[in-house]
Amino acid sequence: MKIGIYFESSPREGGAFHENINLMKIFNEYNKDYNFVYIVSSVEIKRILENHGCKTIFFRKNILFRVHQFLFKFIFFKYLFKKLKIENVFEKFVLKNKIDLTLFNSPSEISLMASNLPFVIILFEFQHRTDNYLPEYVSFHDFNLRELIIDHASKRAFKILVATEKDKNTVVNLYNAINKNIEIQPYVPFLPDIYNKNKDETDYDQIFRDFNLNKKSFLFYPAQFWPHKNHRYLIDACEDLKKIDSNFKIVFSGYDKGNLIYLKNQIDKKNLQDKFIIFDYLSNDQVISLYLNAKGLVMPTFVGHSTLPLYEAFYFKLPVFFTEGLLDDNLRNLVHEIDILKPEDLSKKINRSSTETKETDIKTNSAYEYYLENCSRKKLFENFSKIFEQYKYLKRRWSEL
C-alpha cells in the first residue's frame, strides 16, 4: 500500500517540526510493509527528508493551487467542484501518484482539499476555543481556519489522531466527531533516543559545565515564547522562590514568538536579571544536559493536555511542576500541580517536593514507568500500522492495492 505523508512544517516551528521528524525516523526504523512517500512543497524539507533516505515527491504550489485552496474554504465551491466532477489540483496530484492513503502529520490547511481522498490527520491542541482571549489566537493564528480544518477532519477523515483523552473528548464534544474514528497516540519525544545512542560517546557533564550552572539549582522551561506558555508566571514567582533558595535560577529556551521583549522588560523592571538565563536555540545534546542536571521542569502553560517536554522530563526522571487541572487524569498524579493564578504556589510546591522526597521519588519513578509503557517508538508504529491495515482491509472490499 502506498501512503503519502504530507510534510510542511519547518525547523523554525520548534516542537511540531521535531515531532514530525521523529515520526519519520520511527517509520524508517520499523516499516517493512508500506511504501511511504513524502509530499513536500519546500526544497529545504525535501533535502532534509532525502538525507534520511526518504522518498519524496514535490508538490508545487502554483497560482491554480492558490485559487483552489482559497475556494475550498467555502462549502459552496466544494459542492460545485463535486457536482461538476472537477478534481482540485491537490487531489489530482495524489491520484496521479497512485497514493492509496494520505497522512497529514499536522493540522494542515491543505487537508481541506482532501474532499474525495481518504486521509488520516494528526491534530494538536484545541484551546483556541477554550482560551480564545490569548493574543496568538486573536491575531497570529487564523481562528476561523483552525475551525475549518478541525471541522473538516471531524467529518471526512478516516482517522484522527490526538495526544490525550481530553483532546479526544474535545473533538467529540465541540465538533461532533465520531468516537470510533479518533485514536489516542501520546507524543513520543526524540531526545531519549538521542541520549541512548550518544551517552557512551558524548560527555554530557562537560556540556553542562559550559553553561556555568550548579547542578539541581535551576528550573528548566523549554518552550517557545508565546503568551500561552505563561513565562510571566515564573517572573512573578521569583520573590517567593528566593525565600527558599537564594541561589536558584530559571532557564528558558525557545524561539521568540513575539512575547520575549515583554518578558525581558518585566525581568529588568523587577531587577531579576541574575535569576533568568534565556536561550534562543540549544542543540539536542545541550537540552539533554540540562534535563540531566535541573532541579525540575516547570510548565505553567495555559494550553496543552500534554507536551513533549513533559514526556522528556518523565524519561529523565525530573520532577515536573505543571498547571493544575490541565493534564489528562492519568498524568496528573505523575506531576506536582501548580496554581497558575497564584505565583506563590510554585515555591510551596517546590519546597514540598524537596522536603517530601519519598513522594517525589514515587512520582518520578511512576512517570518513568508511564513513559516506558506509553511512549515506546515501536508501540507508536504499531498504532499507525493498525490504522493502515484497517484501511487496507476495507479498501480491498472494492479495489486491489
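The figures that follow rest on heavy atoms only: side chains count, while hydrogens, waters and symmetry mates do not.
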4.5 Å side-chain heavy-atom contact, Leu174 and Arg129: yes

Pair Asp205 + Arg209, salt bridge at N-O below 4.0 Å: no

Aromatic ring pairing Phe218/Phe220, orientation class (parallel under 30°, perpendicular over 60°, tilted between): perpendicular

Centroid-centroid under 6.0 Å between His228 and Phe302 rings: no

Step-by-step side-chain contact (heavy atoms from CB on, under 4.5 Å) determination, Phe384 to Leu23: CA-CA 10 Å; Phe384 273 93; Leu23 183 63; 3.7 Å; yes

Contact summary for Tyr137 and Asn132, nearest pair of heavy atoms: CB-O, 4.2 Å

Donor on one side chain, acceptor on other, Asn116 and Lys82, under 3.5 Å: yes

Lys/Arg N to Asp/Glu carboxylate O, Glu125 vs Arg146, below 4.0 Å: yes

Check: Gly258 main-chain N/O paired with Asp256 side-chain donor or acceptor under 3.5 Å: yes

Distance, nearest 0.5 Å, that separates CG of Leu101 from CD of Gln390: 11.0 Å

Value rounded to 0.5 Å, distance of CD1 in Ile340 from CG in Leu326: 7.5 Å

Val188 side chain reached by Ser376 side chain, heavy atoms, under 4.5 Å: no

Parallel, tilted or perpendicular, as decided by the 30° and 60° cut-offs, for the rings of Tyr175 and Phe126: tilted

Distance-only side-chain donor-acceptor flag, Lys168 / Asn179, under 3.5 Å: yes

Atom pair CG (Asp280) and CD (Gln224), whose distance is rounded to the nearest 0.5 Å: 9.5 Å

Side-chain donor/acceptor of Asp131 to backbone N/O of Tyr133, under 3.5 Å: no

Donor-acceptor contact present, side-chain Ser289 to main-chain Ile207, <3.5 Å: no

Asn97 side-chain N/O to Ile99 backbone N/O, donor-acceptor pair under 3.5 Å: no

Leu346 side chain near Tyr233 side chain, heavy-atom distance below 4.5 Å: yes

Check: Tyr204 main-chain N/O paired with Lys199 side-chain donor or acceptor under 3.5 Å: no

Option from Phe7, Tyr34, Phe36 for which ring-ring contact (aromatic ring centres under 6.0 Å, His included) with Phe27 holds: Phe36

From Ser111 atom OG to Phe72 atom CZ, the distance as rounded to the nearest 0.5 Å: 12.0 Å

Whether Glu359 side chain and Glu356 backbone form a donor-acceptor pair below 3.5 Å: no

CD1/Ile178: more than 12 non-hydrogen atoms of other groups inside 6.0 Å: no

Residue pairs passing the ring-ring contact (aromatic ring centres under 6.0 Å, His included) test where at least one lies in residues 147-169, sequence neighbours excluded: Phe119-His152, Phe158-Tyr391

Working for salt bridge (charged side-chain N to carboxylate O under 4.0 Å, His left out), residues Glu389 and Lys392: CA-CA 5 Å; Glu389 288 301 312; Lys392 183 194 292 186; 3.3 Å; yes

Side-chain donor-acceptor pair present, Asn259, Arg232, cut-off under 3.5 Å: no

Reported CG-to-NE2 distance for the pair Asp345 and His336, which is rounded to 0.5 angstrom: 12.5 Å

Exercise: do His231 and Gln266 side chains pair donor with acceptor under 3.5 Å: no

Within 6.0 Å of NZ in Lys215, more than 12 heavy atoms from elsewhere: no

Over all atoms of both residues, closest heavy-atom pair of Ser366 and Leu334: CB-CD2, 3.6 Å

Pair Glu50 + Lys46: basic N to acidic O under 4.0 Å: yes

Atom pair NZ/NZ of Lys295 and Lys249 - distance to nearest 0.5 Å: 15.0 Å

Any donor-acceptor pair under 3.5 Å from Thr364 side chain to Pro319 backbone: no

Heavy-atom closest contact (Leu272 atom, Cys238 atom, distance): CD1-CB, 3.7 Å

Donor on one side chain, acceptor on other, Glu369 and Asn365, under 3.5 Å: no

More than 12 heavy atoms from other groups under 6.0 Å of CZ on Phe58: yes

Side-chain donor or acceptor of Asn214 paired with backbone N/O of Ser217 under 3.5 Å: no

Distance-only polar pair, side chains of Ser353 and Thr360, donor-acceptor under 3.5 Å: yes

Atom CD of Glu400: over 12 foreign heavy atoms under 6.0 Å: no

Test: Arg397 cationic atom under 6.0 Å from Tyr393 six-membered ring centre, within 45° of axis: yes

Over 12 foreign heavy atoms within 6.0 Å of NZ, Lys2: yes

Atom NZ of Lys270: over 12 foreign heavy atoms under 6.0 Å: yes

Side chain Lys166, main chain Leu327, donor-acceptor under 3.5 Å: yes

Side-chain heavy-atom pair Phe388, Asp33 within 4.5 angstrom cut-off: no

Stepwise side-chain contact (heavy atoms from CB on, under 4.5 Å) check, Tyr368 with Phe316: CA-CA 8 Å; Tyr368 179 73; Phe316 289 107; over 6 Å; no

salt_bridge(Arg332, Glu324) N-O dist < 4.0 Å: no

For the student: nearest non-hydrogen atoms of Asn333 and Asn330, plus distance: OD1-O, 3.4 Å

Lys/Arg-Asp/Glu bridge criterion (N-O < 4.0 Å) met for Glu8, Lys61: yes

Residue pair Lys229 / Tyr221: nearest heavy atoms and the distance that separates them: O-OH, 2.5 Å

Proximity of Tyr6 and Phe59 rings by center, below 6.0 Å: no

Polar contact flag, side-chain donor to acceptor under 3.5 angstrom, Glu312-Tyr291: yes

Asn28 side chain near Cys54 side chain, heavy-atom distance below 4.5 Å: yes

Considering all heavy atoms, the nearest Leu234-Pro300 contact: CG-CG, 4.1 Å

Check: Asp240 and Lys243 side chains under 4.5 Å, non-hydrogen atoms: yes

Asn88 (side chain) donor-acceptor with His68 (main chain) under 3.5 angstrom: no

Side chain proximity check, Leu213 to Ile277, heavy atoms < 4.5 angstrom: yes

Within-4.5 Å side-chain heavy-atom neighbours: Tyr195 and Tyr315: yes

Note: Lys257-Glu136 ion pair, threshold 4.0 Å (strictly below): no

